[in-house]
Amino acid sequence: SFSQGWGPVVGYSDRGRVDSVGVTNCVPVDCYSDQVVIAETSGDEVEVEQLKYYARGLGNTRAHWRGKNDTEHQTLELIKVVE
C-alpha cells in the first residue's frame with residue numbers, strides 16, 4: 001500500500017493499493033477501458049474501502065464503496081468532460 005496523504009489536524013491518513021488493472025467501466029459520459037482501480041482505506045474505518053477508477057489521460061471516472069462496515073455508501077460518476 002502507499003500513503004495518499006497525511007493531515008493530522010483533520011485526521012486524514014488514507015492509504016491506497018492497486019485493486020485491479022485493465023478494467024472496463026461505463027459511466028454516463030462514456031465507457032473507458034484499461035482502467036486502474038485503487039482501493040483506499042483509512043485506519044479508523046475497519047472493513048471499509050473506497051474504490052476509485054482512473055482512466056489514462058482523463059483521471060477519475062468513478063468512486064464507490066465496498067465493505068460491510070461502510071455507513072455512507074457514497075457513489076460518484078463522471079457525467080461531463082470539459083476540455
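Any value given below was found using the heavy atoms of this structure, including those in side chains, with hydrogens, waters and symmetry copies removed. These numbers come from a predicted model, not from an experiment.
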With the 4.5 Å side-chain cut-off for hydrophobic clustering, are Tyr54 and Val18 part of the same group? yes

Members besides Tyr32 in its Ile/Leu/Val/Met/Phe/Trp/Tyr cluster (side-chain heavy atoms under 4.5 Å): Val27, Val29, Leu58, Leu78, Val81

Under 3.5 Å: donor-acceptor pair, side chain of Arg62, backbone of Cys26: yes

Taking side-chain hydrogen bond (donor to acceptor under 3.5 Å, both in side chains) as the test, write out the residues that go with Asp19, two or more places apart. Arg17, Arg66

Rounded to the nearest 0.5 Å, what separation is found between the CZ atom of Arg15 and the CD1 atom of Ile38? 12.5 Å

What pairs with Glu40 under side-chain hydrogen bond (donor to acceptor under 3.5 Å, both in side chains), at least two apart in sequence or on another chain? Gln4, Lys52

Output for pair (Trp65 CH2, Glu49 CD), nearest 0.5 Å, gives 11.5 Å

Taken to the nearest 0.5 Å, the spacing of Glu77 CD from Thr61 OG1 works out to 9.0 Å

Heavy-atom closest pair (Ala63 atom, Gln50 atom, distance to 0.1 Å) is CB-NE2, 4.4 Å

Restricting to side-chain hydrogen bond (donor to acceptor under 3.5 Å, both in side chains), what partner residues turn up for Ser33, sequence neighbours left out? none

Would you kindly confirm whether Tyr53 and Phe2 end up in one hydrophobic cluster when ILVMFWY residues are joined by side chain heavy atoms under 4.5 Å apart? no

Can you pull out every salt bridge (charged side-chain N to carboxylate O under 4.0 Å, His left out) where at least one residue sits in residues 21-34? Sequence neighbours excluded, please. Asp34-Arg56

